[in-house]
Amino acid sequence: MDELLVDFLTETAENIGVVDNEIVRWEQNPNDRAVLDNIFRLVHTIKGTCGFLNLPRLEALAHAAETVLGRVRDGKLAVSTAVVTEVLAALDAIKAILRVLEASGKESEGDDGELIGRLDRVASGDLAVSPPGGGSVADVDGGARAPQSIRVSVDLLEQLMTTVSELVLTRNQLLQIARRFGEGDAYAVSLQRLSQCVSELQDGVMRTRMQPISNAWGALPRMVRNLALELGKKIELEMTGGETELDRQLLELIKDPLAHMTRNAADHGIEDPKARAAAGKREAGRIRLNAYQEGGHIVIELSDDGRGLNTERLKAKAVDAGLLREREAAEMSPQQAAKLMFHPGLSTAETVTSVSGRGVGMDVVKANVEKIGGTIEVDSTPGRGTRFMLRVPLTLAIIPALIVAAGGERFAVPQIAVRELVGAGSEGEDRIERVHDASVLRLRDRLLPVVSLAALLGLPESDAEERFVVVAQAGSFSFGIVVDDVFDTEEIVVKPVAPIISSVPVYSGNAILGDGRVIMILDVNGVAALGAGSVDRAQPRAESEAAADADPAGDRDSMLVFRAGSPHPKAVPLSLVARLEEIDVAAIEWSEDRPVVQYRGDVMPILSVDGAGTLKPRGRQPMLVFNDGGRCVALAVDEVIDIVEDSIDIRLSGEVGGRLGTAVIGGRVTEILDVGHYLTAGLRPVIRPIATADIAQRAAILVVDDSAFFRNMLRPLLDAAGYDVTTAASAEEALRLREGGRRFDLILSDVEMPGLSGVDFARTVKTGGDWAATPMIALSSLASDSAQARGLEAGFDQYVAKFDRVSLLALLERQLAKAA
Amino acid sequence: MGEAAGGDFVTVRLGGQLLGIDVQRVHDVLKLGLLTRVPRAPAIVAGVMNLRGRIVTAVDARRCLGLSDREPGAPAMCLVVEQDGQPYALVVDAVGDVVTVAGEDHEANPPTLAPLWRGVSDGVYRLDELMIVLDVSRLLAVGAAAEAA
């Protein structure tokens, strides 16, 4: 094909894409001269080039469209839906001809007389009535400038990427050789330089693969506009963060899922104007797309302000399909039920419209997203809308990984999943303990479930004293992977595993290391899923399976299940338990009618679940030790049953002291104890009861935390301390309260939250609006210095560890006194 | 099965038995080198290895055919074959010459051949001893299927 023609085709394809979106923007803001000028210029360019290349059909169409636009620009014609529709139709016709042109090199035969006729009628004002408002004609030129880029074929880029990948490998091999033989200085210096160049080259090539995410959603404004017309709805599409960059390959892979979800939002999510008006909402529905980078991931949020998911219907369908039992469905929280939409065959659409419900369901979307190592979450409020969170890795090709050894084999753990490394001996503070069949690591006064990698993979277990724990993050669930040894971090080039191995869930790929050996890359989510089986294998699994399947990895808590005082199981969150101890009953003493034991140089009170003595008459008494600001309280139990990792949905019970409510854990109804109650009871002399009189009026406090458990734990504590407590499950929910005109004396917010993080929330609150002056305290489970600095910079006034109740109460009092 | 056209076969030994593999299927013959084990993978997977920058999955022919494992440390060879665009290294005890056989020497599988073998064999050739023709595609498929069952 003629080179000129090739250039014309590429350029026009780009221009048309731009025009599509510009026109939709223009329809929304008919008086925006800049947009109109832009469209006019693009269409004009197409017309001009067509004349030059002798493409009469294209030229005639472009000319007719240009005439319409020209009349609008000259103020002779008002923008109306008819105008926009006809211009878009002309663009579609142009696109169709371009496709043929691209395939055959020739303009196809055809008659555009009718379309041109309609365009001419529109231009002459036949379909339009009112003249537009004034406005001077702006300078058309001036915006055009020479592009600072060239076109390179994608194949060439891919080839470069492969070469660079091999180069990185070779560099790594050289570095290892140098390390082994300790070559001379001159060699080391050159190697260092080479290494640096390779890194820069790799970085550069990686960047050539990056494209703004707006390329993936460029077609959406047009799609939404057409849908809105077809469905008789008013829909605004708001897109932010389009400049966020993503690997081209990934971009292609998320394009379709995004379009599908947007279509769903427009079709099923947004109500028709009448229904919206009846619900007291703005007539025009809004779909928001937002993208941003977070660590090595890109987060894409898609939300609508429509009717929300019909979770009852989803549940009913799941029951019909045999996925759930009725009892389980009834116990399911709306959040859990919303996740059912990712099951194959469970679409909530009541009627299949021409738009969606064509059988490509959210299950396919989820599968596609997970295939590229991403995750998808859904959150929906009836009547308020639905929000999806997509998280995908930045790139698939080269990742830093931690090399570990277990059972004599080496494995790579993607650095992104590694939170920290802990040396774990059989003695000392960081000791691995066993709770029946499960192992836990005591880490900074919290118990972390751990799995032995060797055992999990069926490899021989090491009997070494000193082992390592890789603290890993799978979704929102952290756990420890016990390994025998830890080596370097290496940049590895990820290659997919052979199909024969791909059914093994624990590997996400393999790679060739610097020494030439192949290494398997662990998929932390797969390890967690496999490990979860061993964590709660003592429990009947089948019953909770359906619910667990519907709820992969996300929102799971580890619960310590035990018996105390009655045969019914009771549980506390494992994260609140500092230690498990067994103390010889003979060592228990009595002080003021209360059993105590000397423990770590202090006197630790021993409490029992119902206040009644359940201590054993002899032998060893098992107990859970809670730590509260340095002081310990023990809760005597009959027997520790298990550690269960499950998604916990607490049904709040009435005012029974010491109980938060019940939840189904491992398929059994289990009482969830309020650890706070026992701490308060045990540390009576320490906590100064705050009388309501201290504060003239009950101060209003807003608690923002995504964990239902902590909201449920903090509320009674703060209530008891005399505050008026409101809770919100997310920063977004909190901001809606602000929009709703609510005022608080103080805001307590979690830092790690899905969606808007605590830090971003603080920044949003402090940068303006009605809450700008409200003191904010960050609740954090990881209070590292850098995390604190970030929080304080964003606008938090104070930081407090989540479990430190004494400090929290003291801090609240201080802050409120200061504010008053 | 007597219609076979004959052709060139790479001869290999597996537990004393002579086997022939269509030479067209074999990309490479090499001594079995360092393998990285793949725990939890199907039993026929001996491991993965680096073949000049490519990652190749090694499949143990003994396991595919239900034979006992090789003595630890015993020498082994592998044939690199491709299946659905993926490279596999088929691990055998020893590799012999390439033999050219005539179509008329071909015979159907003897009825006494074990069912597992019959499923992966394309008949036999009567040379100085009996050579069983191994269909690599079916061998890999059978190995994987036996795992799934």
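Convention: sequence-line order gives letters A, B, ...; per-chain numbering from 1.
Of all the listed residues (Gly407(A), Gly408(A), Pro499(A)), the one sharing the greatest number of non-hydrogen pairs under 4.5 Å with chain B is Pro499(A).
With rounding to the nearest 0.5 angstrom, the CD1 atom of Ile519(A) is 13.0 Å from the CG atom of Asn50(B). The distance from atom CD1 of Ile501(A) to atom OG1 of Thr57(B), rounded to the nearest 0.5 Å, is 4.0 Å.
With contacts defined as side-chain heavy-atom distances shorter than 4.5 Å, the pair Leu530(A)/Arg40(B) qualifies.
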Side-chain polar contacts of residues 399-406 of chain A - donor-acceptor pairs under 3.5 angstrom, sequence neighbours left out - could you list them?
none

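Near-neighbour residues of residues 504-513 of chain A relative to chain B, defined by a heavy atom under 4.5 Å from a heavy atom of that chain, comprise Val504(A), Tyr507(A), Asn510(A), Ala511(A), Ile512(A). Among residues 19-39 of chain B, the residues having any heavy atom closer than 4.5 Å to a heavy atom of chain A are, in sequence order, Leu34(B), Leu35(B), Thr36(B), Arg37(B), Val38(B), Pro39(B).
Contacts classified as salt bridge (charged side-chain N to carboxylate O under 4.0 Å, His left out) and involving residues 71-88 of chain B (residues at least two apart or in different chains) are given here: Arg54(B)-Glu82(B).
Looking at Val48(B), both its backbone and its side chain come within 4.5 Å of chain A, counting heavy atoms on both sides.
Summarising the local packing, CD of Gln159(A) is surrounded by 12 or fewer heavy atoms from other residues, nucleotides or ligands at distances under 6.0 Å.
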